[in-house]
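For reference, the structure is listed below as structure tokens.
This one's a predicted model, so the numbers in the text were calculated from it and none came from an experiment. Note on naming: letters A, B, ... go to the chains in the order of the sequence lines (proteins, then strands), and numbering restarts at 1 for each one.
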Amino acid sequence: MKRELAFRINGRSAQLQVEDADTLLEVLRDQLKLWSVREGCGVGACGTCTVLMDGKPVSSCLLLARRAEGREILTVEGLSADGQLHVIQEAFIEERALQCGYCTPGFILSVKALLDENPAPTDDEVREFLSGNLCRCAGYGDIIRAVRAAQAKRHHGTRV
Amino acid sequence: MAQIVAEELGVGFEQVHIVQPDTDITPYDTITAGSRSTYHMGNAVRMAAAKIKAELAAVVAAKLEVNPEDLVARDRRIFVRGSPDRSMTIGQAFLARFGSLGTTLTGEAICQTTALPMDPETGQSEKCTEYWFPSATAVELEVDKETGQVSILKFFAVGDAGTAINPKHCEQQLLGSAITHLGLTLFEEMVFEEGRLLNGSLLDYQIASVKDMPEEFRSVVVQVPHESGPFGAKGVGETGALTVSAAVANAIEDAVGIRIRELPITPEKILRQLSAARREKEPDTRSS
């Protein structure tokens with residue numbers, strides 16, 4: 001059954017009609033055209049569809065859209081401000097931490113959640129936190145370097 | 001591909017626009033597989049760009065009254081070798097060719113490769129492939145004799161890319177394919193029962209995650225220009241993968257003296273073989 005869903009997406013309010021069975025991924029892609037949100041495995045095992053809900057990473061392929069009622073959702077489209085990329089996006093570009101790029105939006109949001117929660121993680125903490133995001137190009141070395149570069153930018157700069 | 005076109009036409013990499021594969025507009029190709037795109041597509045793209053360059057060079061040669069062979073394309077200009085001031089921009093060359101703005105030239109080329117069949121007696125051929133992928137893996141690991149668990153401490157992926165058109169991409173590709181293969185070596189396995197796949201999702205079939213990265217890892221790009229590759233390049237897609245399983249099996253044998261001959265090399269197989277080796281050494285006296 002279609003019902004109204006009200007939530008905040010990338011800093012704006014949204015009111016949409018959604019089916020009870022719609023996943024958040026379907027609503028973000030099909031209704032809001034947020035193409036950075038991508039389905040990978042569809043069973044919550046690969047982290048590709050990661051978005052942040054109230055700052056915490058969730059698998060949007062498994063989460064029913066209705067669960068987002070009243071929540072704040074962030075996708076990669078909401079990261080840049082005033083035409084300037086977010087420091088984590090800059091770090092991924094500078095370290096060239098992407099190959100085919102399919103997993104990249106999910107990784108960037110997981111890194112944001114990690115650094116928001118723990119601004120100076122150990123190597124083990126980085127690996128543990130990012131272990132839910134899979135990269136089939138296996139570019140993990142560059143991704144870890146990007147985490148460190150983003151961490152340094154946040155430490156030295158005013159932007160987070 | 002954009003770098004190959006830019007190099008051939010003497011224009012900036014950022015000026016080359018790549019069209020995504022679409023049968024409406026892109027010509028026939030087989031598939032992106034077998035590490036073939038850089039070589040096969042690259043050669044075709046380079047030849048197609050060279051045809052456009054030749055057409056522009058003919059125009060410039062007529063205008064400047066020089067031999068087209070003496071012309072060089074670089075920095076968005078076509079100029080006479082040795083006297084860069086005698087030149088035309090690519091835009092000017094188009095204008096001279098067509099007499100109006102907004103015109104296009106189309107270049108098309110086919111890269112078709114050949115192989116000689118193998119001798120059925122010897123299994124050998126003078127040319128059975130366009131190029132080989134020389135590859136090496138160096139690995140240092142530890143085996144836990146109680147659990148059979150393998151920990152990779154150091155891991156180096158080495159591969160010959162011919163000329164590395166984009167060295168950073170070659171490094172990434174070598175290491176990426178090696179890590180992917182490390183997953184196949186240590187734990188990835190499709191399990192079938194009566195013809196049915198039992199682990200057909202990423203929940204049951206695990207692939208390498210960031211936690212499977214060795215403690216220390218690096219890739220090394222060896223560059224030996226290949227005679228028939230575009231600017232000496234050749235495929236590097238799977239090069240890093242080729243020697244991983246053998247290196248890991250060798251290192252396990254070096255560490256605990258057992259040879260595993262079947263992938264994946266799981267802790268169960270290691271434990272089973274370790275205890276078999278122990279039984280052989282110290283026969284159980286109770287059973288005899």
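By the neighbour-count criterion of 12 heavy atoms within 6.0 Å, atom CD of A:Glu4 is densely surrounded, having more than that number from other residues, nucleotides or ligands. Other residues, nucleotides and ligands contribute only 12 or fewer heavy atoms inside 6.0 Å of the CZ atom of B:Arg261. Remark: B:Leu203 CG is packed, more than 12 non-hydrogen atoms of other residues, nucleotides or ligands lying under 6.0 Å away. Other residues, nucleotides and ligands contribute more than 12 heavy atoms inside 6.0 Å of the CZ atom of A:Arg148. The local environment of NZ in B:Lys168 is crowded, with over 12 non-hydrogen atoms from other residues, nucleotides or ligands closer than 6.0 Å. Within 6.0 Å of CD in B:Glu14 there are more than 12 heavy atoms belonging to other residues, nucleotides or ligands.
Looking at every heavy atom in both residues, B:Gly176 comes nearest to A:Ala138 through O-CB, 3.6 Å. Closest non-hydrogen pair, A:Leu134 versus B:Ala208, comes out as CD2-O, 4.0 Å. Scanning both residues, B:Ser209 and A:Ser131, for their nearest heavy atoms gives CB-O, 3.9 Å.
Here the CD1-SG distance, from B:Ile207 to A:Cys41, works out to 9.5 Å after rounding to the nearest 0.5 Å. To the nearest 0.5 Å, the span separating SG on A:Cys137 from NE2 on B:His169 amounts to 10.5 Å. Taken to the nearest 0.5 Å, the OH atom of A:Tyr140 stands 7.5 Å off from the CG atom of B:Asp212.
Residues B:Glu171 and A:Asp142 have side chains not in contact (no heavy-atom distance under 4.5 Å, counting atoms from C-beta outward). You'll find the side chain of B:Val210 stays beyond 4.5 Å of the side chain of A:Ile143, heavy atoms only. Contact annotation: the side chain of B:Asn166 approaches that of A:Arg96 to within less than 4.5 Å [non-hydrogen atoms, C-beta and beyond].
Under the 3.5 Å distance criterion, the side-chain polar atoms of A:Arg127 are matched with a main-chain donor or acceptor of B:Met213.
With a 4.5 Å cut-off on non-hydrogen atoms, B:Gln173 touches chain A through its backbone and its side chain both.
With respect to chain B, the highest number of heavy-atom pairs below 4.5 Å among A:Gly141, A:Gly139, A:Cys46 belongs to A:Gly141. Contact count versus chain A (heavy atoms, under 4.5 Å) is highest, among B:Arg218, B:Gln206, B:Gln172, for B:Gln172.
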